[in-house]
**Q** 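Provided herewith is a single structure, encoded as structure tokens, for subsequent inquiry.
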Amino acid sequence: MTNFLFDFNINEIPTPCFVLDEKLLIQNLEKLNYVQKSTGVKILCALKGYAMWSTFPLVRKYLTGATASSYHEALLCYEEMKSPAHLCCPIYIDTDYDKILEISSHITFNSLTQYERYYPKALSKGLKIAIRINPEYSDSPAALYNPCIPGSRLGVRRDKLGDTLPKGVTGLHFHSLCESDSHALENTLKAITEKFDSLLKQIEWFNMGGGHHITRKDYDVEHLIQVLMDFKAQYPNIQDIYLEPGEAVGWQTGYLVSKIYDIIENQGIYILMVDTSISAHMPDCIEMPYKPVVLGATDYIQGTKRYRIGGMTCLAGDFVGDYSFENDPQIGDYIIFNDMIHYTMVKTTTFNGINLPSIGIIKEDRTFQLVKSFGYHDYKYRLS
Ligand SMILES: Cc1ncc(COP(=O)(O)O)c(C=O)c1O
């Protein structure tokens with residue numbers, strides 16, 4: 001039997017369920033706000049990374065607003081964060097464009113052709129306009145998250161831009177970090193200032209994208225503050241600087257709680273069959289890929305009982321492992337995946353007809369509040 005020492009009653013939680021711990025979210029928000037207060041830099045929540053909107057009343061007490069990469073994200077920002085969106089979409093499309101402009105304050109164009117086609121209307125509506133640049137330098141650990149690969153579709157390279165900003169453009173934007181520390185930002189800014197200096201001297205606002213892992217325990221926040229203050233001193237013309245982390249908002253703030261329904265032994269491997277799915281509910285574990293941290297377990301240690309965790313879809317690859325457990329898990333025990341509140345929650349699917357995990361919050365007073373449950377309707381009406 002696996003035992004977990006929580007200061008809340010785990011038996012109140014239906015499975016599967018994403019469970020956010022409000023206390024941990026507040027800790028993250030306080031850290032992000034400390035950066036804002038120490039530097040004057042504004043921090044936006046990137047909705048692609050953190051979109052648990054029942055917590056937005058809390059988030060907006062600390063952060064400046066949100067950044068959106070699609071019409072629906074912009075609408076969520078406007079409706080639930082109660083602030084106009086900062087837009088950074090790879091493309092804008094005619095059917096959404098008028099609507100998206102009504103609910104946004106800043107717009108970034110990913111290419112000069114998109115800029116040419118769409119900037120006049122944005123300008124006439126009073127939005128602040130930027131071009132996304134490609135810094136041609138990235139410390140990103142994986143090609144999947146590196147917008148500076150040869151032939152990248154993200155951001156305009158220096159040789160495509162002249163020495164004066166295109167008409168109406170008052171800002172620049174880059175996003176090339178991924179789970180990065182402040183030194184990666186420092187290196188990136190060095191590369192950008194070398195290449196884009198003449199343009200940086202002309203802008204009023206600068207968006208440094210996401211990928212800043214500010215809330216990670218070993219992140220050197222004081223160094224980040226120094227890097228930002230040095231940059232501000234170098235470009236006194238820039239009135240507003242934005243960071244738009246997503247992952248750092250929800251980093252380490254909660255769990256995906258599931259239960260074991262079967263244990264299958266196969267060639268000495270024990271597969272714990274849980275009422276969630278790696279493929280449908282934690283797709284990044286397969287896409288990135290990474291092995292999630294499971295409470296009460298470690299990476300497999302030679303000589304111990306070898307466990308895998310299997311999802312409830314029929315996909316052969318719907319499993320993660322291998323692990324060793326402190327106590328041998330039994331049918332009916334909880335399997336608790338750690339750090340599942342950022343991209344994971346946003347990316348879930350109903351593949352294989354698997355029900356979406358419920359969403360709940362452990363409130364500051366340690367009571368559990370079920371925020372949302374899903375059902376057949378959510379599966380059926382994504383299809384027709
Ligand atoms: C333009 C842009 N901004 C912000 C983010 C958020 O990045 P992260 O969640 O790594 O902080 C992303 C992520 O892909 C992005 O593409």
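Numbering of ligands and ligand atoms starts at 1, following listing order.
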**Q** In the protein, what heavy atom is nearest to atom 11 (O) of ligand 1, and what distance, to one decimal place, separates them?
**A** Gly211 N, 2.7 Å

**Q** Where the closest heavy atom to atom 14 (O) of ligand 1 is concerned, which of Met208, His86, Lys48 has it?
**A** Lys48

**Q** Answer yes or no on whether Lys291 is positioned over the face of Tyr323, meaning its NZ or CZ is under 6.0 Å from the six-membered ring centre and within 45° of the axis.
**A**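 Cation-pi check for Lys291 and Tyr323: passes.
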
**Q** Just distances here: any N/O of Glu247 and N/O of ligand 1 closer than 3.5 Å?
**A**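 Among all N and O atoms of Glu247, at least one is under 3.5 Å from an N or O of ligand 1.
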
**Q** Taking non-hydrogen atoms only, is Tyr50 closer than 4.0 angstrom to ligand 1 via side chain, backbone, both or neither?
**A**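 Looking at Tyr50 and ligand 1, no heavy atom falls under 4.0 Å.
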
**Q** In terms of residue, atom name and distance, what is the protein heavy atom nearest to atom 16 (O) of ligand 1?
**A** His175 CD2, 3.3 Å

**Q** Nearest to atom 4 (C) of ligand 1, what protein heavy atom do you find, and at what distance?
**A**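 Checking every protein heavy atom, the shortest distance to atom 4 (C) of ligand 1 gives Glu244 O, 3.2 Å.
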
**Q** Run the side chain to side chain contact (heavy atoms under 4.5 Å, CB included) check on Asp240 and Phe206 step by step: do they pass?
**A** CA-CA 6 Å; Asp240 290 313; Phe206 189 41; over 6 Å; no

**Q** For the residue pair Phe109 and His173, is the inter-centroid distance of their aromatic rings smaller than 6.0 Å?
**A** no

**Q** Can you report which non-hydrogen protein atom sits closest to atom 9 (O) of ligand 1, along with the distance?
**A** Tyr343 OH, 2.5 Å

**Q** Taking atom NZ as the centre, does Lys99 end up with more than 12 heavy-atom neighbours from other residues, nucleotides or ligands that are less than 6.0 angstrom away?
**A**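 More than 12 heavy atoms, drawn from other residues, nucleotides or ligands, come within 6.0 Å of this atom.
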
**Q** Please determine, by modelled atom types, if Thr15 and Asp275 share a side-chain donor-acceptor pair under 3.5 angstrom.
**A** yes

**Q** If the contact criterion is a heavy-atom separation under 4.0 Å, does Tyr145 count as touching ligand 1?
**A** no

**Q** Examine Arg306 relative to Tyr300 and say whether NZ or CZ is less than 6.0 Å from the centre of the six-membered ring and inside a 45° cone about the ring axis.
**A** yes

**Q** Say whether Gly246, considering both its backbone and side-chain N or O atoms, lies within less than 3.5 Å of an N or O atom on ligand 1.
**A**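 Yes, since at least one N or O of Gly246 sits under 3.5 Å from an N or O of ligand 1.
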
**Q** Only one of Asn28, Asp21, Leu29, Val19 passes side-chain contact (heavy atoms from CB on, under 4.5 Å) with Thr253; say which it is.
**A**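 The option that passes is Asn28.
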
